[in-house]
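Here is the structure we will look at.
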Amino acid sequence: MRAHPAPVGCFALLGALATIALGACEPGAAEAGPLVPGGDVERGRAAFVALGCGACHAVDGVREARGRVGPPLSDFGLRTMIAGEVPNTPANLVRWLRDPQAIEPTTAMPNLGVDEQTARDVAAYLYTRR
Amino acid sequence: MRRLALLALPLVLPLVAACHGPMSTLGTASAPADRVARLGWFMIWLSVAIFALVCVLLVLAVRHHRARDPLAVDLAPRSKGWVVWGGAVMPGAVLGAIFVVALVGLGRFPAPPDDRDLVVHVTGHRWWWEIRYEGGAGGADGAGGAGGGPVVTANELHVPVGRTVRLLLTTDDVIHSFWVPRLQGKMDLNPGHVNDLRLSAERPGRYMGRCAEYCGLQHAHMAFAVVAEPPAAFQRWLAAERGGAREPADSLARAGRTLVTAGVCASCHTIRGTPARGTIGPDLTHLMSRQTLAAGTIPNTPGYLEAWVTDAQAFKPGALMPSLPHFDGAELRAITRYLEGLR
């Protein structure tokens with residue numbers, strides 16, 4: 001007749017612990033930034049270097065990115081704004097990378113003629129930096 | 001076991017020849033560089049032979065004296081022969097042989113100047129290379145006098161394949177040294193004196209060079225390239241370089257031209273065909289025909305170019321080019337747009 005609350009509580013606790021453990025096993029899944037449709041992180045990293053973004057922007061751990069003209073991008077995935085102008089969303093970031101002057105006409109950030117796919121790749125890469 | 005390893009050494013050495021990079025004296029592309037490489041190999045093999053001989057003698061000596069007290073010092077006069085032959089006669093013969101081989105191989109005076117030689121003045125600056133083609137240096141026929149204008153560039157020396165180029169080397173400040181390992185030995189650039197170096201490339205290519213005499217803070221960022229091209233391509237390049245600067249393509253570039261030619265840039269840089277006539281820094285008339293900025297320090301792309309204009313000291317601390325943080329974003333964009341058009 002007596003209820004057995006103790007085992008139920010134990011299972012619940014175990015379940016909770018397991019969930020936390022699983023979360024720890026896949027930090028990428030838990031911490032990934034916004035998804036950029038069609039963006040490839042590895043290609044984006046290569047394009048970031050090839051375009052010379054590092055001439056102005058520093059990224060920790062990237063040898064070619066030690067510039068200090070513009071803001072460092074080591075934790076770009078945590079930014080709330082782009083250029084202090086628009087919310088940091090994938091769509092805005094792609095737009096910013098392709099034509100910075102469209103968002104902030106007087107910015108020194110050059111329009112490097114980046115195509116849509118490359119912009120998506122670079123955006124995907126930048127959101128991994130957090 | 002150890003002796004086996006020593007014997008293997010000469011077998012390993014030829015493998016070293018296979019791994020030469022852009023600055024290797026072993027990856028030769030001209031007759032003078034071949035002579036340097038041959039001398040190098042001669043000295044390496046001679047050293048290997050002497051090293052092997054010493055090893056053999058060492059082994060024999062250890063065997064011979066193994067039975068005796070190993071710490072005993074043998075002062076008997078009969079050892080003198082080894083000292084005289086091994087310590088004086090043999091080194092004398094070896095050094096003498098190297099001296100003669102080096103003299104025959106490298107100690108040649110350059111041929112008397114020939115009117116048909118392409119003459120290029122190379123002036124060292126802290127820390128870049130000024131390259132000035134003598135008027136009339138157009139071609140073997142001496143054309144170019146009619147074409148007129150000077151050809152001045154920086155950090156990239158274009159030469160026609162197979163033709164001897166006479167370089168007249170001097171410096172504007174301290175001693176530098178001109179070194180393209182795959183094409184020629186080193187030659188110093190001395191203040192108040194002109195050195196004469198002959199250069200020729202047998203194959204087209206981009207041969208890397210560096211300053212080889214410590215010259216101050218940015219000595220390590222004083223690189224250059226010798227671009228060897230087929231004669232026709234070289235003539236096209238020379239003709240393009242001889243022309244004045246291109247007109248700006250749009251209103252942004254026109255605004256940039258005003259900023260560059262009427263502002264601080266003009267006090268150090270020349271852009272032929274504009275009021276910019278400074279002589280402290282490199283000629284920018286055809287800036288975008290060059291692959292790098294700041295003497296091989298960074299790639300010459302629009303992004304790097306803009307970063308260089310506003311923050312040169314971050315890339316090359318101590319260089320005479322100052323950081324120019326007073327330009328705002330729109331001005332920087334305009335300046336870069338103008339410079340990007342200087343092809």
Side-chain angles (χ1 to χ4, degrees), chain A residues 43-60 62-74 76 81-86 92-115 118-119 121-123 125-126 129, chain B residues 218 220-221 248-253 255-256 259-260 263 265 287-288 290-319 321-343:
Chain A
R43 278 206 312 260
R45 193 195 137 96
F48 182 88
V49 172
L51 287 165
C53 306
C56 293
H57 298 286
V59 178
D60 288 346
V62 180
R63 193 173 59 82
E64 299 89 347
R66 295 183 189 165
R68 55 188 197 193
V69 175
L73 302 177
S74 297
F76 184 81
M81 301 293 283
I82 295 170
E85 295 281 344
V86 293
N92 280 338
L93 180 56
V94 169
R95 205 153 64 89
W96 170 253
L97 292 170
R98 297 201 61 187
D99 187 3
Q101 278 71 29
I103 289 174
E104 191 191 331
T106 59
T107 182
M109 168 119 163
N111 178 341
L112 294 175
V114 178
D115 64 38
T118 307
D121 294 341
V122 173
Y125 166 63
L126 288 175
R129 305 298 318 201
Chain B
Q218 290 296 339
H221 283 152
D250 54 29
S251 60
L252 186 61
L259 285 163
V260 169
C265 311
L287 172 65
M288 297 315 282
R290 313 200 278 259
Q291 287 192 9
T292 68
L293 291 171
T297 306
I298 45 177
N300 186 10
T301 62
Y304 273 102
L305 185 57
E306 185 171 321
W308 172 252
V309 170
T310 182
D311 200 12
Q313 292 295 313
F315 297 99
K316 206 164 176 178
M321 170 87 179
S323 292
L324 299 168
H326 63 278
F327 290 124
D328 66 28
E331 289 171 330
L332 271 179
R333 288 303 310 127
I335 290 170
T336 313
R337 178 69 68 96
Y338 173 58
L339 295 178
E340 282 168 36
L342 298 179
R343 304 196 171 275

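When reading the values below, keep in mind they use all heavy atoms of this one structure, side chains included, and skip hydrogens, waters and symmetry mates. Throughout, protein chains are lettered first and strands after them, A, B, ... in sequence-line order, and every chain is numbered starting at 1.
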Between A:Cys56 and B:Ala307, the two heavy atoms sitting closest are SG-CB, 3.5 Å

Of all heavy-atom pairs linking B:Gly303 and A:Ala55, the shortest is O-CB, 4.1 Å

Engaged part of B:Leu332 at the chain A interface, taking heavy atoms whose separation is under 4.5 Å: side chain

Is it the side chain or the backbone of B:Phe315 that comes within 4.5 Å of chain A heavy atoms, both, or neither? side chain

Could you show, one pair per line, the donor-acceptor contacts under 3.5 Å between chain B and chain A?
from     : atom 1 : to       : atom 2 : distance (Å)
B:Asp311 : OD2    : A:Arg68  : NE     : 3.1
B:Ala330 : N      : A:Thr106 : O      : 3.4

